[in-house]
Amino acid sequence: MSSAELSVFIRAIGVHTPERKLTNAELSTMVDTSDEWIKTRSGIAERRIAAPGENPSDMGAKAAAKTLERAGLTPADVDLLIVATMTSDVPFPSTACLLQAKLGLRRDIPCFDVSAACSGFVYALQVAKDMMRSGAYRRTLVVGTEKLSSVVDWSDRTTCVLFGDGAGAVLLETTPEKNVGLLGNLLGADGNNAELLHCAGGGSAAPATADSLRDGKHFLRMNGKEVFRHAVRVMAESCERVLAKCDVKSEQVAWFIPHQANSRILEAVASQLNVGMDRFPSNLERYGNTSAASIPLALEEAWKDGKIKHGDLVLIVAFGAGLTWGATLLRWHEPPH
Ligand code: ACO
């Protein structure tokens with residue numbers, strides 16, 4: 001069997017979320033907002049906030065450990081680690097290397113980060129799949145982990161109500177079985193619209209200075225209305241294009257797992273695809289937007305709730321800063337062990 005014929009599937013999934021819940025009621029004491037405004041405009045009721053010292057590598061390592069435990073595997077079984085994050089622990093080294101050390105993964109494996117903001121998990125899945133199909137890596141951990149609370153301006157009501165912290169991981173494995181696992185995908189980007197959602201300071205273009213800190217340059221800034229408009233169009237188009245590429249009709253898809261950005265974005269995408277919200281599971285209410293962690297968090301919940309079953313077609317789709325976007329169609333596969 002040549003390696004080009006290998007399929008790549010999700011063998012196990014696990015998550016970790018911080019204990020601390022920040023409710024809309026509590027946020028209303030911090031900025032001029034209300035539970036009603038936040039729920040109506042975004043669908044979010046509360047979000048998790050990492051404790052001081054609880055970093056993306058820590059949350060990611062916990063999600064990955066849970067994933068390995070569910071797969072009945074150990075850190076020694078992992079051949080490749082890819083971490084998707086826009087809130088890396090430090091500018092360098094990568095969060096993947098920090099996570100590798102915390103989890104006790106082998107030293108003869110590649111560990112690196114993918115930077116594609118909220119689309120990071122979908123990007124990382126595709127990078128992993130292409131590396132694995134070469135036959136060089138049998139088992140890969142893909143981890144989405146974020147501490148957005150560290151880049152949010154807690155005095156800016158237009159952004160601080162939307163984001164939260166958390167981590168999710170999947171263990172990908174190769175199999176000679178056909179038509180299972182990650183079937184098809186597409187990725188895209190538009191750097192001309194980078195300023196719609198960005199962090200201006202703290203990088204090499206504008207290193208942190210007393211002035212940049214005073215001006216809040218190291219915080220996330222967003223043009224919410226424009227991001228909303230792009231998100232709906234690009235997520236719906238990405239779904240349609242990946243379905244056409246795989247010759248699958250939307251009626252055949254059991255579950256759509258979109259990046260959990262805003263319930264109104266999800267409703268608009270579902271409506272454009274002519275798909276009922278009953279096939280768009282969401283946990284936005286409890287976690288808010290956790291960027292690269294949001295898809296594994298939603299996927300794990302749908303699997304744990306018994307929604308996603310062996311053989312189901314699942315379409316995941318994301319959109320984020322960059323701008324970036326991506327969609328992956330997969331057939332859920334639970335091989336007998
Ligand atoms: N509480 C109360 N009022 C608020 C709040 C708040 N938290 N935030 C804004 N407002 C006010 C505004 O100041 C404005 O007041 P004004 O009319 O007096 O000027 C009014 O509410 C309406 O504001 P809009 O910005 O028009 O509100 P909108 O309906 O567009 O909703 C929102 C704002 C929720 C941010 C929406 O635009 C959105 O969800 N955008 C997409 C955001 C997103 O998903 N980003 C993540 C992308 S993924 C990634 O890469 C991280």
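Since the model is a prediction, treat every value here as computed from it, not as a measurement. Every number for a ligand or one of its atoms is a count from 1 in the order of the listing.
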Could you tell me whether G224 and ligand 1 have an N or O pair separated by under 3.5 Å?
yes
State the atoms of ligand 1, each with its element, that fall below the 4.0 Å cut-off from a heavy-atom position in V227.
43 (C), 45 (N), 47 (C)
F280 and W255, any side-chain heavy atoms less than 4.5 Å apart:
no
Just to confirm, does any protein heavy atom lie below 4.0 Å from atom 18 (O) of ligand 1?
no
Donor-acceptor under 3.5 Å (T33 side chain, S28 main chain)
no
Quick one: nearest non-hydrogen protein atom to atom 35 (C) of ligand 1, plus distance?
L162 CD1, 3.8 Å
Please list, in number order, the atoms of ligand 1 under 4.0 Å from a heavy atom of V161.
7 (N)
Write out the residue and atom name of the closest protein heavy atom to atom 1 (N) of ligand 1, then the distance separating them to 0.1 Å.
T33 OG1, 2.6 Å
If the threshold is 4.0 Å, N to carboxylate O, is there a salt bridge linking R229 and E226?
yes
Does some non-hydrogen atom of the protein lie less than 4.0 angstrom from atom 48 (S) of ligand 1?
yes
Among all the protein's non-hydrogen atoms, which is closest to atom 51 (C) of ligand 1, and how far away is it?
C118 SG, 2.7 Å
Considering only NZ, NE, NH1 and NH2 on the basic side and carboxylate oxygens on the acidic side, decide whether D312 and K307 come within less than 4.0 Å.
no
Protein residue, atom and distance nearest to atom 13 (O) of ligand 1, heavy-atom basis
R157 NH2, 3.0 Å
Does atom 38 (C) of ligand 1 have a protein heavy-atom neighbour under 4.0 Å away?
yes
For L220, state whether at least one heavy atom is located under 4.0 Å from any atom of ligand 1.
no
Check each atom of ligand 1 against the heavy atoms of L197 and keep those under 4.0 Å away; list them by number with element.
47 (C), 49 (C), 50 (O), 51 (C)
Sub-4.0 Å heavy-atom contact, I38 with ligand 1
no
Salt-bridge present (D165, R20; N to O < 4.0 Å):
no
Which of the numbered atoms in ligand 1 are under 4.0 angstrom from any heavy atom belonging to G320?
48 (S), 49 (C), 50 (O)
Ligand 1 atoms nearer than 4.0 angstrom to some heavy atom of D32 are 1 (N), 2 (C)
Once ring-ring contact (aromatic ring centres under 6.0 Å, His included) is applied, what residue pairs with a partner in residues 23-45 remain, sequence neighbours excluded?
none
Counting only nitrogen or oxygen atoms and a 3.5 angstrom limit, does S42 reach ligand 1?
no
Counting only heavy atoms on the protein side, is anything nearer than 4.0 Å to atom 21 (O) of ligand 1?
yes
Side chains of R286 and R47: closer than 4.5 Å at any heavy-atom pair?
no
H333 vs F9 aromatic rings, parallel, tilted or perpendicular, using cut-offs 30° and 60°?
perpendicular
Near N289, which atoms of ligand 1 are under 4.0 Å from a heavy atom of that residue?
46 (C), 48 (S), 51 (C)
Determine, considering heavy atoms only, which of W37, F163, F319 sits nearest to atom 5 (C) of ligand 1.
W37
Say whether N262, considering both its backbone and side-chain N or O atoms, lies within less than 3.5 Å of an N or O atom on ligand 1.
yes
Do the charged groups of R138 and E173 touch, with an N to O distance under 4.0 Å?
yes
Check against side chain to side chain donor-acceptor pair (under 3.5 Å), K147 and N55:
CA-CA 7 Å; K147 188 175 174 180; N55 295 323; 3.0 Å; yes
Those residues that, when tested against R279, pass salt bridge (Lys or Arg N to Asp or Glu O under 4.0 Å) (two or more places apart)
none
Salt-bridge test for D32 and R157: reply yes if a basic N is under 4.0 Å from a carboxylate O, no otherwise.
yes
Looking only at distances, can you tell me whether any N or O atom of R41, backbone or side chain, sits closer than 3.5 Å to an N or O atom of ligand 1?
yes
Between K62 and D58, is the closest basic N to carboxylate O distance under 4.0 Å?
no
Closest non-hydrogen protein atom to atom 44 (O) of ligand 1, residue and atom name please, with distance?
A261 CB, 3.4 Å
For ligand 1, which is the ligand I care about here, please tell me if M222 has any N or O atom under 3.5 Å from one of the ligand's N or O atoms.
no
Would E300 and R70 pass as an ion pair if we require N to O under 4.0 Å?
yes
Taking all non-hydrogen atoms of both residues into account, name the closest pair between L182 and L125 and its distance.
CD1-O, 4.0 Å
Any non-hydrogen protein atom below 4.0 Å of atom 10 (N) of ligand 1?
yes
What is the nearest protein non-hydrogen atom to atom 36 (C) of ligand 1, stated with its residue, atom name and distance?
R264 NH2, 3.9 Å
Quick check: K225 and ligand 1, any N/O pair under 3.5 Å apart?
yes
